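Just so we're clear, the structure is a prediction, and the values are computed from it rather than from any experiment. So you know, we letter chains A, B, ... as the sequences are listed, proteins then strands, and number each from 1.
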2 protein chains.
Amino acid sequence: MKYAVLGTGAVGQTIAAKLRSQGYEVLVGSRSAGEGKVSFAEAAAFGHIIFNATKGEASLQALALAGEGNLGDKILIDLANPLDFSRGMPPTLSICNDDSLGETIQRTYPRLKVVKTLNTLNCALMVNPSAVGGSHDLFMSGNDPLAKAEVHKLLASWGWKTIHDLGDISTARGTEQLLPIWIRLMGSLGHADFNFHIAQAARAHS
Amino acid sequence: MKYAVLGTGAVGQTIAAKLRSQGYEVLVGSRSAGEGKVSFAEAAAFGHIIFNATKGEASLQALALAGEGNLGDKILIDLANPLDFSRGMPPTLSICNDDSLGETIQRTYPRLKVVKTLNTLNCALMVNPSAVGGSHDLFMSGNDPLAKAEVHKLLASWGWKTIHDLGDISTARGTEQLLPIWIRLMGSLGHADFNFHIAQAARAHS
């Protein structure tokens, strides 16, 4: 399996390093190629599975540069959030409530198999869940069950045990709207080394 | 301490029953008095601390009926959510992103000490956290530290151990925007007996 990672920020670099440590071939795509980075288009053409690790505000432009032909009907793991910092801190969401970035990408590229996950925690924890003690969880949204199963398998290989499949891509509204409390918690806790866990009644545990 | 509970639905009845079991005097206020229920105004005049357990869409009207004079500078524990079911299921939020119901109430009644909490879980768990095993948490938002301390004391008497003080009332945007994922989780888990826990890195634990 070959991977493309769109985005050269901390998130993209962390994901790419993890995939390489597992022996996968990875191309990291950037707006401007050079210095070991390729273009969004070259990365998207190369990968069987594509990570969208661009900033939410830049995601649609990055995917347009990647090119519909290169995206095709591949799996896109979307971990971006539509954060709007234009009015200062804390950011608001540029898309929310009755829509989401995940849905917007899926609508724009109907053949793409968009799987929204990993957007609710910081990148160090994404690839190293054991850095936080006890149980803590991921969420997943997407229209294609086989694509979700494929992504689940990869995440399990990173150590994730509980991944809540919330349903179709419209459920990305729920996880993207976790960002406002995530940002406030980072402020009140004073660090970003935390994650959500869904505690359940004993009789309700699966 | 005397309590007012505005709202005669399941949430209001559950809160009132819990307070009475602790020996507190409680008046439950309703839009239409009668059958053991008093008016919003009579309840608000009676209580030292007021619970807003009305539906989010009805909260501002209920508080108007309660009357600014009766609300005064009391503590209002706001556990309502601005859910909009007018476009079907799942509901959207009628206020979100750059505002919240908690802030709207605080702006409308500046002397009131609004403490937003308990709005992120079902009412059976609100008053009986041990129904869910392991650690799970509450969140709290409000401008008045003493009011938050008073509410914290009451919630501790209900068994709550971890209550994250997120900051001023604007942080209610974070907890109200938890509702979209709460609703999807209720769907995917098939029950409402769950709650959020914030898992932290061992080195970051307070």
Should A/F196 and B/I181 be marked as a side chain to side chain contact (heavy atoms under 4.5 Å, CB included) after you check the CA-CA gap, both sets of side-chain angles, and the distance that decides it?
CA-CA 12 Å; A/F196 299 96; B/I181 195 169; over 6 Å; no
A/V132 and B/Q200: side chain to side chain contact (heavy atoms under 4.5 Å, CB included), yes or no, with the steps?
CA-CA 5 Å; A/V132 161; B/Q200 294 184 61; 5.6 Å; no
Carefully, step by step, assess A/I198 and B/L189 under the rule side chain to side chain contact (heavy atoms under 4.5 Å, CB included).
CA-CA 10 Å; A/I198 305 304; B/L189 297 174; 4.1 Å; yes
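Interface with chain B: from residues 98-119 of chain A, residues A/D98 qualify, criterion being any non-hydrogen pair under 4.5 Å. Proximity to chain B at a heavy-atom threshold of 4.5 Å picks out A/H164, A/D165, A/L166, A/S170, A/T171, A/R173, A/G174, A/T175, A/Q177 from residues 162-177 of chain A, in numerical order.
The most heavy-atom pairs under 4.5 Å with chain A, out of B/S130, B/C96, B/G134, come from B/C96.
Taking CG of B/L178 as the reference point, atom CG of A/L178 lies at 5.5 Å (rounded to 0.5 Å).
Environment of NZ in B/K74: crowded, with over 12 heavy atoms of neighbouring residues, nucleotides or ligands closer than 6.0 Å. Residue-environment remark: CD (B/Q22) exceeds the threshold of 12 foreign heavy atoms within 6.0 Å.
With A/N97 contributing its side chain and B/L93 its backbone, the two residues share a donor-acceptor pair below 3.5 Å.
Of all the heavy atoms in A/A199 and B/S135, the pair that sits closest is CB-O, 3.8 Å.
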